[in-house]
Amino acid sequence: MSMAASSATPQTTQKRDDDFIPYCRHSIGDDEIREVVDTLKSDWLTTGPKALRFEQMFKEYVGCKHAIAVSSCTAALHLALCSYDIGPGDEVITTPFTFASTAEVIEYRGAKPVFVDIDPTTFNIDPARIEERITQRTRAIIPVHYGGIPCDLNAIGKIADRHGLAVVEDAAHAVGSEYGGAKIGSHGNPTAFSFYPTKNMTTGEGGIIAVNDDEIGQRLRVLSLHGISKDAWKRYSKQGQWYYEIHDLGYKYNFTDLQAALGIQQLARLDAFNARREQLARIYMDELRDVPGLRFPRWYSRWYDGEAPAGTKSAWHLFVMLLDNDQVQINRDEFVEQLKLAGIGTSVHFIPLHLQPYYARKYGYKRGDFAIAEQVFDQLISLPLYPKLTESQLGRVIDVIKTLIGKHRIE
Ligand SMILES: *Cc1c(COP(=O)(O)O)cnc(C)c1O
């Protein structure tokens, strides 16, 4: 909300606007602004020295061998499927409980997304249900680390190995998450991160792929910029800088130095951002976990009780709660509306993809196909969670939730 806009509105409205607690807010500080201005005053705006520096920093942060910064997480996922030559006739297994990107990149390749229901503890794809969906055509699995909670990469990796499948991780929510005592992105699979403004760190728009395999890393690099191989001219030609060869059908998915300027400063603050997110999540649990009528992913309770699986850590991208409709007589949509009226922005992550008209129409999916994802979706609300959320705002969110639950509890 700009100053000009709010000063032009009547007092009462202005108060209301100031009071509104948005669902999400990014945190851009003076260091980010300085770094962007420095780039603007430099001779390089697009992919250049800062993009390279950001990739180096990210590699060190995550602990992977290669990091290819790209224009979005969607682009990163798309390129990962390209790098394995997944195409028409192939099937890729993923979760329906995700954003559009995860499945649309499978469609971009002319392959078929095959959904597998989620685990009610983590809301991640249920490894125990993957094998029954594997066919002769299956080529890859795309697990999504939902809200930052790491998927069981061991179990998924074993299934992939048994059937010769690639694993591509959608880590849009999981920058800073850990599995097996190591950061998500370090386990070898191509892993796609997002720097969209709602995510744990932002470059305005942007993404990155972490990977350990040299050949896939090289392929991703070439595909990210028109399929042009600079190494080819370095190695094979005597021509000058102007010469290039197109070795593959590539894309215009490069990451600019302006994005990198933001990324360099945001990455430096990421651990502090994530620690703050975790702190706020703990307060939500302190206050809400024993409220009759509310439920949470079981993973939250385990974490709260200090019993999260050893070596796992969530980046706390989301904090979600579920209405227990055996105990409260208000549905999710109405609850969201009431929160909005009380000045609190929320969201719903996610509308299961199989219920979206495109996928329902194309593959004949319908309600009942993925019962757990559907049930969770029907009851779920994503609450405000970001470093700029103050404790007094958090207190207000909690108070309003408690009041609403009290009003609608079935006695
Ligand atoms: C945000 C998001 C993406 C897409 O990220 P972009 O950088 O906007 O392309 C992909 N998957 C999930 C689960 C997301 O939440």
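Atoms within each ligand, like the ligands themselves, are counted from 1 in listed order. All values reported here derive from a predicted model rather than from experimental measurement.
Summarising the local packing, NZ of Lys158 is surrounded by 12 or fewer heavy atoms from other residues, nucleotides or ligands at distances under 6.0 Å.
The ring-ring contact (aromatic ring centres under 6.0 Å, His included) test with His349 is passed by exactly one of Tyr146, Phe123, Tyr23: Tyr23.
Around ligand 1 you find Ser72, Cys73, Thr74, Thr98, Phe99, Ser101, Thr102, Val144, Asp170, Ala172, His173, Ser194, Tyr196, Lys199, Gly206, Phe350, each with a heavy-atom distance below 4.0 Å.
In this structure, the side chain of Asn325 does not engage the main chain of Asn331 through any donor-acceptor pair within 3.5 Å.
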Next item on the list: In sequence, state the C-alpha distance, the side-chain angles, and the governing distance for Gln266 and Ile28, and then conclude on side chain to side chain contact (heavy atoms under 4.5 Å, CB included).
Entry: CA-CA 8 Å; Gln266 287 270 291; Ile28 296 289; 4.0 Å; yes
Check: How far apart are the C-alpha atoms of His317 and His145, what are their side-chain angles, what is the distance that settles it, and do they pass the side chain to side chain contact (heavy atoms under 4.5 Å, CB included) test?
Finding: CA-CA 10 Å; His317 173 60; His145 304 291; over 6 Å; no
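Ring geometry for Phe370 against Phe115 counts as perpendicular: the plane angle is over 60°, on a 0 to 90° scale with 30° as the lower cut.
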